[in-house]
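In each ligand, atom 1 is the first atom listed, and ligand 1 is the first ligand listed.
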Amino acid sequence: MSKKTVLISGGAGFLGSHLCDWFIGHGFRVIAVDNLITGSLRNVAHLKANKDFKFIKQDVSKPFKVTGKIDYVMHFASPASPVDYMNHPIATMLVGSYGTHNLLEIARIKKAVFLMASTSEIYGDPLVHPQVESYWGNVNPNGPRSIYDEAKRYAEAAAFAYKRVYKMDVKVVRIFNTYGPRMQIKDGRVVPNFIDQILNDQPLTVYGNGQQTRSFCYVDDLVDGITRLLLSKISGPVNIGNPKEFTILEFANLIRKKYNPKAQIIYKPLPQDDPQQRQPNISLARKELGWEPKVPLEDGIGRTMDWFAKNYR
Ligand code: UDP
């Protein structure tokens, strides 16, 4: 039987590169496409010699062609940390809009299944808690985060329009805060920041009073959920994330306790429109995909800390 081919945009990014690994490990051919503005070739260097892996440097916001058959298109290209997307506001909007169209077109022409990375950010600063897929969200349409939130909301709309018009098989995963090896240490998110600060004996920076909450999912659990969705019969949107919720202060204290009880905490201003609470309701993923996260935060942070210590020291 000939191998199935998957095209992964953002394939050299944090999540995209873990997806490349999963598909190569499961006997697929992988075409990774990335413009490397926030991704890195280091993330896929170990796949370079593999005959089933191909890398194309390309901004997917611009139209492009790929030769040969493609069975699955996975759209994971986008700056994803608040610091990154605010540094690349126009590129973020374009990859969510034009980029999504270009990949939907490739999926349409190739008769491929299309799956896109959406985000818990589409719920904005949520008034429904935990967030269930049927909740429409509370997003500031023109605030500093809107370039990401609204681009992803638009991308979801585009994907479902293609499903309705062309009867395509599209799937949408709403990803909640995910962490693990290959995050960029300076991407500004709370997990790499705290790890960087621990490794460099710096105080941990808590924004606001630290009472805002997040729920952190280890990358292997996320990849398991996404690949189950891809190979399932449903379109979603489906929340994939770890429902164990922490205040940011609790999270800082958990890291201090484990790695350096003497580390200080310093408080910095809360960024504008920072969501006050976030926790996925994962009933749909449990029921339809038989999925739930398995890696406890302490274990996942340990694995991530080891990776950062090895790769950044
Ligand atoms: N945060 C923090 N200290 C940091 C970085 C982030 O307290 O050094 C907070 C941030 O204000 C937010 C939460 O941690 O409330 C998660 O932020 P992150 O940038 O990781 O992702 P977000 O969920 O906001 O997209």
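- Between Tyr162 and Phe114, a ring centre-to-centre spacing not shorter than 6.0 Å is recorded.
- The environment of Tyr135 atom OH is dense: over 12 non-hydrogen atoms of other residues, nucleotides or ligands sit within 6.0 angstrom.
- Nearest protein heavy-atom contact of atom 5 (C) of ligand 1 is Tyr207 CE1, 3.3 Å.
- Among protein heavy atoms, the minimum distance from atom 13 (C) of ligand 1 is reached at Ile248 CD1, 3.6 Å.
- Between Lys268 and ligand 1 there is no heavy-atom distance shorter than 4.0 Å.
- Counting only heavy atoms of the protein, atom 25 (O) of ligand 1 lies nearest to Arg145 NH2, 3.2 Å.
- A distance of 9.0 Å separates OH of Tyr259 from CD1 of Ile198, quoted to the nearest 0.5 Å.
- A cation-pi arrangement is present between Lys244 and Phe246 under the rule of less than 6.0 angstrom and at most 45 degrees off the ring axis.
- For Gln212, every heavy-atom contact with ligand 1 shorter than 4.0 Å involves the side chain, none the backbone.
- Of all protein heavy atoms, the one lying nearest to atom 20 (O) of ligand 1 is Val190 N, 2.8 Å.
- Using a 4.0 Å cut-off between a side-chain N of Lys or Arg and a carboxylate O of Asp or Glu, Asp34 and Lys57 do not qualify as a salt bridge.
- Close approach of ligand 1 to Gly188 is summarised as follows: ligand atoms under 4.0 Å from at least one heavy atom of the residue are 5 (C).
- For ligand 1 and Asn193, the ligand atoms under 4.0 Å from any heavy atom of the residue are 4 (C), 5 (C), 8 (O).
- If you number the atoms of ligand 1 from 1 as listed, the ones under 4.0 Å from a heavy atom of Val206 come out as 7 (O).
- At the top of the distance list for atom 3 (N) of ligand 1, counting protein heavy atoms only, stands Thr205 O, 2.7 Å.
- Residue-ligand proximity: Gln197 is placed with every non-hydrogen atom at 4.0 Å or more from ligand 1.
- Between the side chains of Asn239 and Tyr123, at least one donor-acceptor pair of N or O atoms lies under 3.5 Å.
- In this structure, the protein non-hydrogen atom closest to atom 16 (C) of ligand 1 is Arg214 NE, 3.6 Å.
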Do His129 and Asn281 pass the side-chain hydrogen bond (donor to acceptor under 3.5 Å, both in side chains) test, and can you show the C-alpha distance, the side-chain angles, and the key distance before you say yes or no?
-> CA-CA 8 Å; His129 192 75; Asn281 175 319; over 6 Å; no

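- Using a 4.0 Å cut-off to heavy atoms of Glu121, the atoms of ligand 1 that qualify are 25 (O).
- Seen from the ring of Tyr166, Arg108 counts as a face-on cation partner, given the 6.0 Å and 45° thresholds.
- Between Trp22 and His18, the ring centre distance reaches or exceeds 6.0 Å.
- Residue Arg278 approaches ligand 1 through these ligand atoms, each under 4.0 Å from one of its heavy atoms: 22 (P), 23 (O), 25 (O).
- The closest side-chain heavy-atom distance from Asp52 to Phe23 is not below 4.5 Å.
- Nearest non-hydrogen protein atom to atom 21 (O) of ligand 1 is Asn177 ND2, 3.6 Å.
- Heavy-atom distances between Pro271 and ligand 1 reach below 4.0 Å in at least one pair.
- Using a 4.5 Å heavy-atom cutoff, the side chains of Leu103 and Ser9 are in contact.
- Here the heavy atom of the protein found nearest to atom 11 (O) of ligand 1 is Asp274 OD2, 2.7 Å.
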